[in-house]
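Below: one structure in structure tokens.
Atoms within each ligand, like the ligands themselves, are counted from 1 in listed order.
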Amino acid sequence: MEGTLSISRMDDNESFLRRKLETLRGVPLFWSIVEKWAKVESFQARPDDLLISTYPKSGTTWISEILDMIYNNGDAEKCKRDAIYVRVPFMELIVPGIANGISQLAKMPSPRLIKTHLPVQLLPESFWENNCKIIYMARNAKDVAVSYYYFYQMAKMHPEPGTWDEFLEKFVAGEVAFGSWYDHVKGWWEKKKDKPILYLFYEDMKEDPKRETQKVLQFLGKDLKEEVVDKILHHTSFQEMQKNPTANYRMVPKAHMDQSVSPFMRKGTVADWKNHFTVAQNEAFDSDYEEKMKGSTLQFRMEM
Ligand code: A3P
């Protein structure tokens, strides 16, 4: 089925798996996105689209489920109508015969929820022309690196991650899918000065999901009864999403995402990096971090 990650015609040669990334204007992306870039670039946004933008592993699925619940007034059954990657299409994901976010979105009625991992400079122009609202969700770099390492292992669209040591080096150098975390979070942060962007943090969402969901409602100009908000928070808790097949990516075939290697809903915590970084890795990471984030007003909490 085009437009989803499910295999309707299981390719005999799964040549799209574990291929090396290609670079587009200095940003490493899946080879098939680079190949079809003209289609992504000319994507037609609509004024009532809501774009969910994130660096991978920053809570994209979580905020997507919250938004779909908001759009459906807290009706959990309606939100189980299909997998999250159908309800909130991944715009730039094009994998021949498997997924095409662009054509999936062209067929979708408004108002659309759209997911992207593109760094701000690569976002199709039509989003700016239409003054679309954007929700950006950021997560601290160390937890993203760990989560991404496990995701690389289970999601076979990525090249092999190598050891944790090797992967961390690549992450710091920005040599992973969608490029440098540092450039991504800073780029979107700067853009928020003159565009309608709500910038959220995963750690804040963990700390107080109700407060953060209220921020989202205010940004959207929506008012929901407290009992509806409570329903949304229950349905989008880690425990609920972990067992929800329309949220936990278990509808994706094992050949593409092997959840026996690592589940998509892995831990959902803050500071799991402490279980992975050695003291030496942490020191090197911190000094490089300081250098890369120098001059930015953007602040992250690495623990709570
Ligand atoms: P971990 O690998 O640290 O567990 P994305 O959706 O951007 O790919 O992000 C996936 C990360 O968000 C995973 O992190 C996943 O467990 C976490 N996550 C997903 N839903 C969550 C929820 N409801 N609450 C907290 N974390 C969640």
Next on the checklist: Given the ring of W128, does K191 sit roughly above its face, with NZ or CZ under 6.0 Å from the centre of the six-membered ring and within 45° of the axis?
Outcome noted: yes
Checklist entry - Is the backbone N or O of K80 less than 3.5 Å from a side-chain atom of T246, with the two atoms forming a donor-acceptor pair by type? => result no
Checklist entry - Parallel, tilted or perpendicular for H117 and F90, by the 30°/60° rule? => result perpendicular
Next on the checklist: Distance under 4.0 Å to a non-hydrogen atom of S237: what atoms of ligand 1 satisfy this?
Outcome noted: 23 (N)
Item to check | Under-4.0 Å salt bridge between K20 and E22 | outcome: yes
Next on the checklist: Please list, in number order, the atoms of ligand 1 under 4.0 Å from a heavy atom of T61.
Outcome noted: 5 (P), 6 (O)
Checklist entry - Where does T269 meet ligand 1, judged by heavy-atom distances below 4.0 Å: at the side chain, the backbone, both, or neither? => result neither
Item to check | Sequence-distant partners of T23, side-chain contact (heavy atoms from CB on, under 4.5 Å), two or more places apart | outcome: none
Checklist outcome for this item: the protein heavy atom lying closest to atom 25 (C) of ligand 1 turns out to be Y202 OH, 3.3 Å
Item to check | Residue and atom name of the nearest protein heavy atom (relative to atom 23 (N) of ligand 1), distance in Å to one decimal | outcome: T236 O, 2.9 Å
Item to check | V27: partners by side-chain contact (heavy atoms from CB on, under 4.5 Å), with sequence neighbours left out | outcome: L29, P119, Q121, L122
Checklist entry - Would one find an N or O of G268, backbone or side chain, under 3.5 Å from an N or O of ligand 1? => result yes
Item to check | Nearest-option assignment for atom 3 (O) of ligand 1, heavy atoms, candidates K57, K267, R139, M241 | outcome: R139
Item to check | Option set W62, Y55, W273, Y249, criterion heavy-atom distance to atom 22 (C) of ligand 1, minimum | outcome: W62
Checklist entry - Which residue and non-hydrogen atom of the protein lie closest to atom 13 (C) of ligand 1, and at what distance in Å? => result S147 OG, 3.9 Å
Checklist entry - What residue and atom, counting heavy atoms only, is the protein's closest point to atom 7 (O) of ligand 1, and at what distance? => result T60 OG1, 2.4 Å
Checklist entry - Looking at atom 19 (C) of ligand 1, what's its closest protein heavy atom, distance included? => result M265 SD, 3.4 Å
Checklist entry - Short N/O distance, under 3.5 Å, between S58 and ligand 1? => result yes
Checklist entry - W189 and T297: side-chain donor and acceptor closer than 3.5 Å? => result yes
Checklist entry - Is A247 touching ligand 1 with its side chain, its backbone, both, or neither, if touching means heavy atoms under 4.0 Å apart? => result neither
Item to check | Shortest protein heavy-atom distance from atom 15 (C) of ligand 1, along with the residue and atom involved | outcome: F264 O, 3.9 Å
Checklist entry - Would you say K36 has more than 12 foreign heavy atoms packed within less than 6.0 Å of its NZ? => result no
Checklist entry - What do you reckon, are the aromatic ring centroids of H276 and Y150 less than 6.0 Å apart? => result yes
